[in-house]
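See structure below.
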Amino acid sequence: MNMPVLPAGLATHPRLGQWLEIGPDGLVRAYSGKVELGQGIAHALRLIVAEELQLEPAQVVMVRASTATSPDEAITSGSLSIQHSGAALRCAAAHMREVCRSRFAQQQRVAAEAVKIDNGVFFLEGGSARARYAELLDAALLAAPVEALHARAGGSAFAFVGERRADIAQKVFGQFEYLQDRVLPGMCFGQVFRPATMLAQVNEPVAARLVQELAQLQDVIKVTRDGLLIGVLAESEYALAKAAKKVEAADLWHGSVEAPRPGAVGAWLKAQPLETSVILDQQPQSAKSAPTQTFRAEFERPYLQHASIGLSCAIAQWNDGALQIWTHSQGIFNLRRDLALAFARPLESVTVSHWEGAGCYGHNGADDVAFDAAWLAQQAGGRPLRIQWTRHAEMAHSPLGAAMTVSVEAAVDESGRLVSWQQEVWGQGHGTRPGRDDTPALLGAWQTANATPVIMAVNQPPT
C-alpha cells in the first residue's frame, strides 16, 4: 500500500501551526504564502479549510500573507495557488480535524470512529460531552508535523460551492481598502525621480540647484540625492506633484539608449547578439507521405506595458534598523531577500507584508516601488512613508513584457495532413523578478551611487 505523499509546501513547512491555529476570538486562522491578487484565492482557500474542518466558512479567517507569519510558498503565479497552497491547507486541516477527534475520543475513552463532528463541535451520539477545536488544540499539537494520512484520497462534498466572496460587493461599491488607499498614523508621502534610461548622466550643476529648489517647496520635508535618484519626502501628495513639474522642467539627465523603431522589432531582435537553444528536435520515425505544400508565416509583438489600473504602490517604515514593507508584490519572500541584499540588512530584520493592490497584470512595478519606499523612508525619521508611482512613472519605468518574433514553417501532404512543423522564436528573457540572483533585481538598486549589477532578464528552463 502506497503511503500518501505530502504536498510540497508541507514538506518544507511541516508544522501544523505554520498553516492553522485558533485565534483569541475562537476563529480558525489559516495561513498561506500565496497572495490575493483579486483572483479570489483567499476565498477559495478559506472554503477548502472550512470544508475539511466541517465548519461554516465564517469561522475561518485567511490571514494576509506576511514573511513574519506565512509559510514561504515562493511566487503567486502560473495559476498554481489552489494546486499548491490548497493541497497543503486541505492536508493540514484534515490532520487537525483527525488529531482533535482522536484527542476527544481519548478523553471520552471511546474509539475515534465513534466521534461525530457538527459545525466544528465534536460529540458522541446520545452523549452530553461536547468540545470545539479551541478546547482540543494545544501548543504540542500545533508544533507537531502534519501527516498526509488523513487527507482525503479523492472526492469531496463541496459543501460551499457558490459561497459568495465578501470582497466583491466592497469593490463594486468602492468600499474596499486597497494598498493605494491605506493611510497609517503619522504617514508621510514620497516620490523618487529617475531618468528614462540606465545609461543616463546627471547634469551636476542642475542637480545641485534643483535639490535646493525642491527643498523650499511648501510641505516638502526633505530632499535626498543618491546616484541617478532624487527623492522627495512631503506632507502631501500635492507637494509631490509640484516637485514633479520642477524635475520635468529641469533637464536633469542626459543620455539615450538604442531602441527598435515601431514595426521593426523583428529585424532589431534578430540583429542582436544571440544565444540559441533547441527546445525540441524530433524527427518522425518514418514519413507516411511526402509534403506537397509548405506554409510560412512570421508574427511579432512589440514590448508591452502591463499598465495596471492601480498604480504601483508601497508603504515602508524603518524602526531601529528593522524594515517593514507593505506591498502588492506577487513574491513577498523573494522581495524580502532582495531588499535585505540592497540595504545590507540581516534577512530577519526585513518584514514584507502583502496588501491587495488595485490591479495586477504580469510583472508590474510593485517590487521596484517597494525599493523606492524603503530607500526614501530611511530619511523619514521612523514615520511610515507611502510612495505611489504616477501614471508617467508607471509607463516609463515598470518592467515591460518582452518583445518577440515567431517564425513558423509547416508542410502538409496532398490530403492536407500535417507532415512537418518548424518554429523559431526570437526574444529577450521573460523573467526579472527578485530573489533569483546573487544581487537585487530591483530598479532602484541599479541606480544609486553604489549601484549593484544590472541583472539581465532570463527564461526559466523548459520542462
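Just so you know, residue 1 is the first one in the sequence shown, and it goes up from there. Everything numeric here is computed off the predicted structure, so don't read it as measured data.
- Around CD of E248, the count of heavy atoms belonging to other residues, nucleotides or ligands within 6.0 Å does not exceed 12.
- Side-chain atoms of Y238 and Q218 include no donor-acceptor pair closer than 3.5 Å.
- More than 12 heavy-atom neighbours from other residues, nucleotides or ligands sit within 6.0 angstrom of NE2 on H254.
- Looking at D226, its side chain never comes within 3.5 Å of a backbone N or O of T448 through a donor-acceptor pair.
- Side-chain atoms of L311 and Q180, non-hydrogen and from C-beta on, never get closer than 4.5 Å to each other.
- Note that the CZ atom of R15 and the CG atom of L20 stand 12.5 Å from one another [nearest 0.5 Å].
- Checked for salt-bridge contact, R225 and E204 meet the test: a charged N lies under 4.0 Å from a carboxylate O.
- Here the closest non-hydrogen pair linking W318 and Q378 is NE1-CG, 3.3 Å.
- In this structure, R261 is not positioned above the aromatic face of W268 in the sense of NZ or CZ being under 6.0 Å from the six-membered ring centre and within 45° of the axis.
- In this structure, the side chain of R345 engages the main chain of G321 through a donor-acceptor pair within 3.5 Å.
- Counting non-hydrogen atoms of other residues, nucleotides and ligands closer than 6.0 Å to CG of L418 gives a total above 12.
- Around CD of Q423, the count of heavy atoms belonging to other residues, nucleotides or ligands within 6.0 Å exceeds 12.
- Side-chain contact of Q324 with S353: a donor-acceptor pair under 3.5 Å is present, judged by distance alone.
- Without hydrogens or angle criteria, W446 side chain to P440 main chain gives a donor-acceptor distance under 3.5 Å.
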Take E424 and K270, measure what side chain to side chain contact (heavy atoms under 4.5 Å, CB included) needs, and give me the verdict at the end. CA-CA 11 Å; E424 293 182 273; K270 294 177 182 180; over 6 Å; no
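- Classification of E356 and R64 as a salt-bridged pair fails, no side-chain N sitting under 4.0 Å from a carboxylate O.
- Taking CE of M62 as the start and CZ of R29 as the end, the distance is 11.0 Å to the nearest 0.5 Å.
- A salt bridge does not link E36 to K171: none of the charged side-chain nitrogens sits closer than 4.0 Å to a carboxylate oxygen.
- Not counting sequence neighbours, Y303 has no partner by the ring pair (Phe, Tyr, Trp, His ring centres under 6.0 Å) test.
- Looking only at atom types and distance, the side chain of S398 has no donor-acceptor partner in the side chain of N364 under 3.5 Å away.
- Each side chain to side chain donor-acceptor pair (under 3.5 Å) pair with one or both residues in residues 71-80, not counting sequence neighbours, appears once here: S32-E73, E73-S85.
- With a 4.5 Å cut-off on side-chain heavy atoms, I221 and C188 count as touching.
- Proximity of a side-chain donor or acceptor of T67 to a complementary backbone N or O of V352 within less than 3.5 Å is detected.
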Could you go step by step and tell me if H363 and T432 meet the side chain to side chain contact (heavy atoms under 4.5 Å, CB included) rule? CA-CA 8 Å; H363 183 191; T432 54; 3.4 Å; yes
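- Here CG of L376 is found 10.0 Å from CG of L229. Values are rounded to the nearest 0.5 Å.
- Residue pairs satisfying the side chain to side chain donor-acceptor pair (under 3.5 Å) criterion with at least one member in residues 187-198, sequence neighbours excluded, are listed as follows: R194-D372, R194-Q447.
- In this structure, Q216 contributes its side chain and E213 its backbone to no donor-acceptor pair below 3.5 Å.
- At least one donor-acceptor pair under 3.5 Å links the side chain of R336 to the backbone N or O of V350.
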Full working for side chain to side chain contact (heavy atoms under 4.5 Å, CB included) between L274 and W426: CA-CA 9 Å; L274 298 175; W426 290 267; 4.2 Å; yes
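- When every heavy atom of L179 is checked against every heavy atom of C313, the shortest pair comes out as CD2-O, 3.3 Å.
- Looking only at side-chain heavy atoms (C-beta outward), T351 and S66 come within less than 4.5 Å of each other.
- Rounded to the nearest 0.5 Å, atoms CG (D219) and CG (L233) are 12.5 Å apart.
- No side-chain heavy atom of D338 sits less than 4.5 Å from a side-chain heavy atom of F371.
- Counting only distance, with no hydrogens or angles, the side chain of W355 and the backbone of E177 share a donor-acceptor pair below 3.5 Å.
- In this structure, L80 CG and K34 NZ are separated by 6.5 Å, a value rounded to the nearest 0.5 Å.
- Summarising the local packing, CE of M456 is surrounded by 12 or fewer heavy atoms from other residues, nucleotides or ligands at distances under 6.0 Å.
- T452 places a side-chain N or O within 3.5 Å of a backbone atom of A445 that can act as its donor or acceptor partner.
- With hydrogens and angles left out, the side-chain atoms of E394 and S312 include a donor and acceptor closer than 3.5 Å.
- By the salt bridge (charged side-chain N to carboxylate O under 4.0 Å, His left out) test, E235 is found to be paired with R383, residues two or more places apart in sequence or in another chain being considered.
- Counting heavy-atom neighbours within 6.0 Å of D438 CG, excluding the residue itself, gives a total of 12 or less.
- Counting heavy atoms from C-beta on, the side chains of V223 and L217 never come closer than 4.5 Å.
- Looking at residues two or more places apart in sequence or on another chain, you find no ring pair (Phe, Tyr, Trp, His ring centres under 6.0 Å) involving W253.
- Side-chain atoms of R337 do not come within 3.5 Å of backbone N or O of P434 as any donor-acceptor pair.
- Remark: side-chain polar atoms of H306 are paired, donor with acceptor, to backbone N or O of P399 under 3.5 angstrom.
- Nearest heavy atom pair, residue F333 against residue P71, reads CE1-O, 3.6 Å.
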Give the C-alpha distance, both sets of side-chain angles, the deciding distance and a yes or no for side chain to side chain contact (heavy atoms under 4.5 Å, CB included) between E300 and V406. CA-CA 6 Å; E300 69 176 49; V406 180; over 6 Å; no
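- In this structure, the side chains of L214 and I230 come closer than 4.5 Å at one or more pairs of heavy atoms.
- Between Q330 and R433, the closest side-chain pair of non-hydrogen atoms falls below 4.5 Å.
- The ring pair (Phe, Tyr, Trp, His ring centres under 6.0 Å) pairs that include a residue from residues 162-214 are F176-Y178, where partners are two or more places apart or lie in different chains.
- Closest heavy-atom contact between A370 and A314: CA-CB, 3.6 Å.
- Considering only heavy atoms from C-beta on, M187 stays 4.5 Å or farther from R182 through its side chain.
- More than 12 non-hydrogen atoms from other residues, nucleotides or ligands lie less than 6.0 angstrom from NZ of K242.
- Rounding to the nearest 0.5 Å gives a distance of 13.0 Å between NE2 of H95 and CD of E52.
- Counting all heavy atoms, side chain and backbone alike, V265 lies closest to T405 at C-OG1, 4.5 Å.
- Taking all atoms of both residues into account, the shortest heavy-atom contact from V146 to C91 is CG1-O, 3.9 Å.
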